There are 2 protein chains.
Amino acid sequence: MSYLYLTDFLNLKEISSDLQQELQTCIQVKEVKKGEIIISKGDLKHKKFYVRNGLLRSYIIDSKGREHIYMFAPEGWVVSDLVSLTGNQPAIMFVDALEDSTLEVIDDERIWKLKDRFPELMTSESDRMLRRIAVLQQRVIMLLSASAQERYEAFLTKYPDLIQRIPQKMIASYLGVTPEALSKIRANMSKS
Amino acid sequence: MSYLYLTDFLNLKEISSDLQQELQTCIQVKEVKKGEIIISKGDLKHKKFYVRNGLLRSYIIDSKGREHIYMFAPEGWVVSDLVSLTGNQPAIMFVDALEDSTLEVIDDERIWKLKDRFPELMTSESDRMLRRIAVLQQRVIMLLSASAQERYEAFLTKYPDLIQRIPQKMIASYLGVTPEALSKIRANMSKS
DNA sequence: TTCATTTCTTAATCTAGATTAATGCATGAG
DNA sequence: CTCATGCATTAATCTAGATTAAGAAATGAA
């Protein structure tokens with residue numbers, strides 16, 4: 001039954017049964033509990049994870065010991081420390097589960113080898129990268145130009161379904177403000 | 001003589017003369033003067049530009065009329081409003097020249113058509129996207145976790161050659177601070 | 001259920017960086 | 001060369017959001 005998820009992961013409408021079968025050997029299903037850490041800073045052979053269901057987050061811990069959330073990954077998203085991973089570097093981020101989740105561990109090297117025979121894999125990867133760039137671009141623009149309240153409002157609009165699933169203090173961290181500041185903003189907003 | 005540049009753009013060591021010839025038809029050299037605007041917000045059929053030499057920047061203008069620099073593009077870089085471009089949307093950014101520059105205007109649709117015959121084009125594009133993601137990731141992390149001074153110091157380290165070429169107020173804009181704040185930071189730094 | 005641990009909220013301060021404003025310097029156009 | 005416009009600097013204020021602290025509400029483990 002995981003064919004469905006793979007197709008989704010690859011963002012391909014049509015997928016040949018040949019490719020389907022090959023891809024089966026490139027993924028491995030993994031169940032994780034809420035709170036479980038999947039990638040730690042320093043990990044060397046970390047992986048890419050497709051979220052079948054549940055919710056993950058990736059975050060850094062800065063030099064002063066503060067946590068900053070880089071992204072959330074609900075169902076359908078892929079998380080990893082992409083930059084470290086492709087550069088064969090130790091991870092600089094942590095990834096953990098905010099909910100019990102079902103993941104597909106992606107064996108990227110194996111998929112890489114299929115690219116000659118299935119060029120559509122390249123297209124799919126480009127698509128996914130472009131979407132990541134779009135998210136990051138928007139994030140940079142918001143951090144540069146919008147107030148804390150504006151960033152929160154944009155988050156509400158963009159990810160309305162995530163609000164109920166993520167503790168406020170983590171949304172605050174994602175937005176680059178303290179939990180206290182976000183609380184004040186919310187109080188203000190509900191007044192007017 | 002522009003073969004050299006194309007090869008560089010594609011990030012390929014070896015390039016077949018067949019591909020080389022095809023690529024010639026996909027680029028067009030363009031000279032721009034300092035101050036010239038190359039992409040404006042709202043533009044529909046905007047392009048991708050490879051900077052052969054010179055220096056460009058891309059920036060947005062927010063709802064309050066403030067300018068925020070999204071990136072600088074010195075020689076060897078590619079600029080465009082990538083997200084809008086691939087989504088066939090009107091540009092949300094401006095791109096202009098900070099120095100007289102020589103550009104290669106890239107006809108992406110035409111290159112796209114070559115991808116079946118030259119799969120190495122896909123690899124090259126993926127590489128470039130990944131590097132863009134790496135830059136954006138670092139930018140988000142800095143904006144979330146570092147003080148204005150720390151961001152400036154990181155900029156100095158990462159782009160030492162750009163300092164002399166870019167007015168201070170534009171570096172300030174890139175870092176997300178006012179020119180006055182950056183000036184104070186620099187005064188502080190030179191004291192100690 | 002009960003207790004302990006987080007999370008959220010409110011409030012009093014504090015501070016990095018914004019705003020405003022004035023001055024001296026470059027730089028480029030004529 | 002001269003003037004005008006924009007750039008960098010300094011300084012006086014102001015403010016969004018940080019910090020600190022404490023209590024209330026929610027969550028979770030035993």
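Keep in mind that what you see is a predicted model, and the values were worked out from it rather than measured. As a basis for the values below, the full set of heavy atoms in this structure was taken, side chains included, without hydrogen atoms, waters or symmetry mates. Within every chain, numbering begins at 1; the chains are lettered A, B, ... in the order of the sequence lines, protein sequences first and strands thereafter.
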Trainee: Examine the side chains of B/D81 and B/H46 and answer whether a donor and an acceptor come within less than 3.5 Å of each other.
Mentor: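 Distance-only check fails for B/D81 and B/H46.
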
Trainee: To the nearest Å, how far apart are A/L98 CG and C/dT6 P?
Mentor: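 To the nearest whole Å, that distance equals 16 Å.
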
Trainee: B/E36 side chain to B/K33 main-chain N or O, any donor-acceptor pair under 3.5 Å?
Mentor: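 Yes.
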
Trainee: Mind listing the N/O atom pairs, protein and nucleotides 10-18 of chain C, below 3.5 Å?
Mentor:
{"from": "C/dG17", "atom 1": "OP1", "to": "B/A148", "atom 2": "N", "distance (Å)": "2.9"}
{"from": "C/dA18", "atom 1": "OP2", "to": "B/T178", "atom 2": "N", "distance (Å)": "3.2"}
{"from": "C/dA18", "atom 1": "OP2", "to": "B/T178", "atom 2": "OG1", "distance (Å)": "2.9"}

Trainee: Indicate yes or no for a side-chain donor-acceptor contact from A/S173 to the backbone of A/K169 under 3.5 Å, with no hydrogens or angles considered.
Mentor: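 No, the answer is negative, given that no donor and acceptor are paired below the 3.5 Å cut-off.
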
Trainee: Is a side-chain donor or acceptor of A/S101 paired with a backbone partner of A/L103 at a separation under 3.5 angstrom?
Mentor: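 Absent.
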
Trainee: Can you confirm if the NZ or CZ of A/R139 lies within 45° of the ring axis of A/Y174 and under 6.0 Å from the centre of its six-membered ring?
Mentor: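 Because its charged atom sits under 6.0 Å from the ring centre and within 45° of the axis, A/R139 does stack over A/Y174.
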
Trainee: Hey, are A/Q24 and A/Q20 close enough side-chain-wise for a donor-acceptor pair under 3.5 Å?
Mentor: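 Distance-only check fails for A/Q20 and A/Q24.
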
Trainee: Is atom NZ of B/K34 surrounded by more than 12 heavy atoms (other residues, nucleotides or ligands) closer than 6.0 Å?
Mentor: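 Not buried by this count: 12 neighbours or fewer within 6.0 Å.
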
Trainee: Starting at atom NZ of B/K169, determine the distance to atom C1' of D/dA8, rounded to an integer number of angstrom.
Mentor: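 The distance from NZ of B/K169 to C1' of D/dA8 comes to 11 Å, rounded to the nearest Å.
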
Trainee: Starting from P on D/dG6, measure out to CE on B/M170 and report it in whole angstrom.
Mentor: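 It works out to 12 Å between those atoms.
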
Trainee: So does A/R186 get a side-chain nitrogen or oxygen closer than 4.0 Å to the phosphate oxygens (OP1/OP2) of C/dT9?
Mentor: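 Indeed, a polar side-chain atom of A/R186 lies that close.
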
Trainee: If each of B/K34 and A/I166 is mapped to the nucleotide of DNA chain C with the nearest heavy atom, which maps nearer the 5' terminus, i.e. the 5' end?
Mentor: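 Mapping each residue to its closest nucleotide by heavy atoms, the 5'-most match is A/I166.
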
Trainee: Give a yes or no on this: more than 12 heavy atoms of other residues, nucleotides or ligands lie within 6.0 Å of atom CD of B/Q28.
Mentor: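 Counting neighbours around CD of B/Q28, 12 or fewer heavy atoms of other residues, nucleotides or ligands fall under 6.0 Å, so no.
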
Trainee: Using whole Å, what does the distance between atom C1' of nucleotide D/dA26 and atom CZ of A/R165 come to?
Mentor: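 Interatomic distance, CZ of A/R165 to C1' of D/dA26: 20 Å.
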
Trainee: Take the C1' atoms of the five end pairs on each side of the helix from C/dT1-D/dA30 to C/dG30-D/dC1, derive the two axes, and give their angle rounded to 10 degrees.
Mentor: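 Axis angle across the helix from C/dT1-D/dA30 to C/dG30-D/dC1, nearest 10°: 60°.
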
